[in-house]
Amino acid sequence: MNPKVSIILPTYNVEKYFRQCLDSIVNQTLSDIEIIPVDDGSPDNCGKIMDEYAQKDSRIKPIHQQNGGYGKAVNAGLNAATGEYIGIIETDDWCNPDMFEKLYNQAKSLNADICKGDFNYYLGDNNFKPNNTLHLVSDENIVFTIKENPLIMRYHASIWSAIYRRDYLNCNNIRVLETAKASYQDMPFAALVYAKGGKITLLHEALLNYRFEEGMDSSTKRTDERLKLMPRMCNQAKTYFLENNCWNEVKEVAYRHFCNCSLGMWFDIDDEFRKPCYEELRNLFKNIPDENIEYKYINNEQKKILQMIINDEYDKLLSFTHKKKKKMKLKKLRQNMFSIHCKKNDISVIIMGKKFILKRGFNGG
């Protein structure tokens, strides 16, 4: 009898967080699971830790391989998996205890190929920020395809907050891109999953905690040449939609997603890498005038930047970028000098770069 869900854990250099992630999987309320941690040549003790856990739990089936990047690690797990559904969890994150039980039960009850839940950003210091966007896409207990409701493509790809029917992935030859320097392959994977016409259903509850702490070596905090890969991955997602005849339905929402990913990161990249990144942005956005885009979901600043890219006005864009970065730097400086952040149980005050936590003394204080 095959397990209900195979959970793939691509693992590289996350020793600090790995046990918390593994514990959250091992202790799922859905016990009929297969756990496949993939040691992608990790230089720390992750390989030893997964073997240690495997000795205590027969559901854990580690894979050890030479470093090949995120795509190769996930695909190794996909090729080994035997579960009815597949989950993919990044190993610096952790799951709620009932995550896979809730996803599996809804997927089965609606015969869905994909069941996706929401998630929390974990900002450190016990500070959680709900993503809370899926209710804007669809009601729960509804099944739809990307053509019927392209809004699923508007928000974070978050492929790790969902499960996927294994037969659906295999029959459509859906795998993660095995690109060099492994960056941002999750977004085109999500696009391909949707583009193949899978039946999608959503759970509005946050079921996973996505670690987004300051100082982490996160893809969202990069400044190097890898950022040029984001518009390239967006272009790959567009190709998937074109190849599967759903670009016309998806393009307005997809361009909003592409803008949020690629244009947001444009402001972070170091100047020495801007030109190659700009060329990737040109490849992604230069055909917009021929596609009758109405800019339904794109804000005014994004429109302004897009126009400079479409018109190939690199120097103008560079000047605009530097001015905005100065404004952002000044804003951050002011916030670090003095700011107040209220939470449910405490208030944090930043004064001259130092953070002070004030505990609330009464309910609603």
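Hydrogens, waters and symmetry mates play no part in the numbers below; they use all other heavy atoms, side chains included. Since the structure is predicted, the reported quantities are computational estimates derived from the model, not experimental observations.
- Salt bridge Glu52/Lys56: present, at least one basic N to carboxylate O contact under 4.0 Å.
- Hydrophobic cluster membership for Tyr122: Trp94, Phe128 (Ile, Leu, Val, Met, Phe, Trp, Tyr linked by side-chain heavy atoms under 4.5 Å, directly or transitively).
- Remark: Asp57 engages Arg59 in a salt bridge, criterion side-chain N to carboxylate O under 4.0 Å.
- Remark: the Asn170 side chain and the Arg165 side chain contain no N/O donor-acceptor pair separated by less than 3.5 Å.
- Ion pairing of Arg211 with Glu90 is absent here, as no side-chain N (NZ or NE/NH1/NH2) approaches a carboxylate O to less than 4.0 Å.
- Residues satisfying the ring-ring contact (aromatic ring centres under 6.0 Å, His included) criterion with Tyr164, sequence neighbours excluded, are Phe189.
- Residues Leu208 and Asp93 have side chains in contact (heavy-atom distance under 4.5 Å, counting atoms from C-beta outward).
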Got a list of side-chain donor-acceptor pairs under 3.5 Å for residues 234-242, not counting sequence neighbours?
unit_1, atom_1, unit_2, atom_2, d
Asn235, ND2, Asn283, O, 3.4
Lys238, NZ, Tyr255, OH, 3.1
Lys238, NZ, Glu291, OE2, 3.1
Thr239, OG1, Asn235, O, 3.0

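- A salt bridge does not link Glu84 with Arg166: none of the charged nitrogens is closer than 4.0 Å to a carboxylate oxygen.
- In terms of the ring-ring contact (aromatic ring centres under 6.0 Å, His included) criterion, Tyr53 has no residue partners (sequence neighbours excluded).
- Scored by the ring-ring contact (aromatic ring centres under 6.0 Å, His included) test, Tyr314 finds Tyr278 as partners (sequence neighbours excluded).
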Verdict with supporting geometry, Asp118 and His204, side chain to side chain donor-acceptor pair (under 3.5 Å)
CA-CA 6 Å; Asp118 228 320; His204 297 166; over 6 Å; no
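- Under the 3.5 Å distance criterion, with hydrogens and angles disregarded, no donor-acceptor pair is assigned to the side chains of Asp98 and Gln28.
- Ion pairing of Asp271 with Arg274 is present here, as a side-chain N (NZ or NE/NH1/NH2) and a carboxylate O approach within less than 4.0 Å.
- With Tyr85 as the partner, the ring pair (Phe, Tyr, Trp, His ring centres under 6.0 Å) test is satisfied by one option alone out of Tyr104, Tyr168, Phe100: Tyr104.
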Distance-only donor-acceptor hits, side chain of residues 193-200, under 3.5 Å, sequence neighbours excluded:
unit_1, atom_1, unit_2, atom_2, d
Lys196, NZ, Asn244, OD1, 3.3
Lys199, NZ, Asn111, O, 3.1

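- At a threshold of 4.0 Å, the pair Lys296-Glu252 does not count as salt-bridged, since none of the basic side-chain nitrogens sits closer than that to a carboxylate oxygen.
- Annotation: Tyr121 is in aromatic contact with Phe119 [ring centroid separation under 6.0 Å].
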